[in-house]
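Just follow the structure's listing: the first ligand is 1, and inside any ligand the first atom is 1.
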Amino acid sequence: MCGIFGIINDKNNQAAQTVLEGLKKLEYRGYDSWGISIIPQNQKEIQVDKHIGKIGEAKTNLPKGLIALGHTRWATHGGVTDNNAHPHLDCTKKIAVIHNGVVENYQEIKVELLQKGHKFISETDTEVIAHLIEEKSKSKKINEAIFETFKLLRGSNAIAVLDYNSQTIIACRNGSPLVVGLGQNQYFLASDVPAFLKETNKVYFLNDGEGVILSNSGAKLYDIDSEKEKILTPQILDWKLEDAEKGGYPHFLLKEIYEQLKTIPKTTSINEKEINILAEKINSGYKVVLTGCGTASYCALATKYFFAEQGIDVAVIPSYEFMPFSKFINNKTLVFAISQSGETADTLIAVKQAKKRGAEIVAVINARGSTLERLSNVVLSVGAGPEIAVVSTKAFTSQLSTLYLLTTAVANKYEEGKEKIINLNKVLTKWLNNQLTSQLIMLAKKLMNEEHIYLIGKHINYPATLEFALKIKETSYVHAEPFAAGELKHGVITLIQKGTPCFVLASNDDVRDEVLSSASEIKARGGLIIGVAPFESNEFDVLIKTPDLEDLTIFANIIVGQLLGYYLGVGRGADPDKPRNLAKSVTVK
Ligand code: M6R
């Protein structure tokens with residue numbers, strides 16, 4: 001996935017600087033390289049500035065101008081080099097193209113263009129788009145040339161084109177997100193709203209098959225197939241500028257961890273109607289399948305335990321393993337697709353397959369206007385606001401809280417569920433204090449040079465260990481391996497040596513003694529036992545005490561993993577907001 005940002009009519013005539021600042025807000029979408037193209041005043045061709053590496057502190061010397069278009073790249077085709085960074089120019093330097101996606105047939109297009117004499121500078125699939133548009137624009141209007149080019153590209157793609165002659169930005173979408181921002185006499189195109197939120201919250205999310213032309217008189221929407229104009233109906237988002245700023249925190253990750261104190265309780269005031277309708281359906285015999293990737297799949301697994309508490313058996317299928325099991329899906333299945341971004345390719349593929357089998361799709365999502373939202377019959381929008389850090393935190397707890405409420409609604413205990421979430425929040429607010437932070441910083445220092453950490457948990461604390469471990473791995477690059485406590489004696493115990501750190505996640509539930517007995521088996525082999533639990537025990541060498549929240553204790557147990565991952569990452573010199581090799585949402589298969 002990549003970040004796209006363009007502006008028309010920059011109010012300060014500094015379009016390149018505006019795009020640079022906006023791209024910094026999208027860096028979470030890709031940080032292998034960045035680049036900006038501009039139509040400079042009084043010059044005859046487009047100018048480009050592009051470099052490998054993060055955009056973080058970057059500056060650009062591009063000249064003044066009203067129109068610019070830029071990109072942050074997460075590399076797919078072609079290595080991470082200056083030449084492969086976007087934008088890519090055509091031979092005349094009048095057309096600059098940026099792109100999010102993979103052009104599956106780019107090789108065959110390239111061969112034809114080479115035969116026609118086009119010169120290529122990069123190894124990317126994207127560059128063929130610029131030359132193909134150039135070729136077609138010899139006999140057609142630029143918008144026709146772009147729409148026709150786009151129709152020839154195979155795969156899921158979004159493109160944005162800066163055209164010198166018409167002084168426009170023209171974009172097309174099929175599978176990768178694009179949003180138009182309508183400011184006061186300034187118009188924006190981006191892959192996500194934070195890029196222009198400072199200027200406007202009046203937006204239009206493009207659907208697949210739609211194109212847009214931005215000129216100094218505004219935005220015009222098109223159906224790409226028919227090339228006919230459509231009515232563009234914007235919406236006003238309730239996002240505020242602070243949502244996309246660090247707000248005094250050193251990193252977005254830390255800000256978003258603390259924001260959970262607002263985002264978790266917010267889930268009790270949204271979706272009630274939809275949740276009750278879904279609960280009725282489940283009680284009338286619909287089978288539930290939960291799917292997602294990464295953190296979202298751990299949310300699915302935790303929800304399975306919550307459903308089981310209410311006497312309902314549901315299936316969890318990680319989206320990337322969906323196909324063999326899709327034959328068990330039919331028109332009496334509710335598929336809950338969990339996703340922060342709503343753009344994860346594996347999740348979308350699973351959902352499309354489930355739809356083919358007649359299932360009803362419920363999207364449990366955070367980002368608005370996504371592909372998943374459009375594919376779904378019902379949307380449970382979890383309302384956590386923009387999640388900028390690549391590592392997911394607040395979106396996860398909001399998804400889990402939303403789905404927890406659903407499980408209580410199924411048992412006719414929705415009001416009780418709401419009370420429990422509100423109480424959870426009160427307790428978390430007291431507990432998340434400086435004393436806890438100091439304890440976690442000390443623990444992070446102690447673990448700083450460890451290369452292997454193990455985690456165990458049982459029942460509802462098992463998915464908690466998966467999420468806890470992922471936070472440690474993503475943020476600090478320490479190898480953290482989670483196990484169901486019961487698995488330990490079946491082989492894993494060989495990994496324990498003197499001093500091996502082992503986290504034991506527990507709640508005050510009916511399996512706490514079993515977990516403690518697994519802990520004692522590790523301890524007997526010399527392991528260092530770090531308890532994350534609401535009680536003390538002789539088995540723990542160190543205890544991070546979490547509040548006793550019954551079945552909701554896992555929220556606190558997981559927050560310990562989020563914070564510890566953060567402090568370990570900072571201590572080990574990693575960038576907590578942008579872990580190496582990762583993108584915020586994985587829009588390729
Ligand atoms: O946007 P999604 O929730 O669909 O993304 C799914 C995963 O890619 C995501 O949760 C990933 O595992 C994160 N890096 C977790 O922090």
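- Interface of T344 with ligand 1, defined as ligand atoms under 4.0 Å from a residue heavy atom, comprises 1 (O), 2 (P), 4 (O), 5 (O), 6 (C).
- The protein heavy atom nearest to atom 1 (O) of ligand 1 is S341 OG, 2.6 Å.
- Aromatic ring orientation, Y454 versus H452: parallel (interplanar angle below 30°, classes split at 30° and 60°).
- Checked by atom type, the side-chain pair T407/Q310 shows no donor-acceptor distance below 3.5 Å.
- In this structure, CD in E256 is found 10.5 Å from OG1 in T397, a value given to the nearest 0.5 Å.
- When only non-hydrogen protein atoms are considered, atom 3 (O) of ligand 1 lies nearest to Q340 N, 2.6 Å.
- Near K471, the atoms of ligand 1 lying under 4.0 angstrom from a non-hydrogen atom of the residue are 15 (C), 16 (O).
- Between F188 and F196, the ring planes lie parallel to each other; the angle is under 30°, not in the 30° to 60° tilted range.
- Scanning the protein heavy atoms around atom 15 (C) of ligand 1, the nearest turns out to be T295 OG1, 3.1 Å.
- Taking the six-membered ring wherever Trp is involved, the centroid distance between the rings of W34 and H51 falls below 6.0 Å.
- K471 pairs with exactly one of T295, L564, I559 by the side chain to side chain contact (heavy atoms under 4.5 Å, CB included) rule, that one being T295.
- Less than 4.0 angstrom separates some heavy atom of E474 from each of these atoms of ligand 1: 13 (C), 14 (N), 15 (C), 16 (O).
- Residue contact check: G294 has heavy atoms under 4.0 Å from atoms 12 (O) of ligand 1.
- For the pair R572 and Y477, the cation-pi criterion (under 6.0 Å, within 45° of the ring axis) is not fulfilled.
- Nearest non-hydrogen protein atom to atom 7 (C) of ligand 1 is C293 O, 3.5 Å.
- Here's the thing with S339: one of its N/O atoms is less than 3.5 angstrom from an N/O atom of ligand 1.
- In this structure, the protein non-hydrogen atom closest to atom 8 (O) of ligand 1 is V586 CG2, 4.4 Å.
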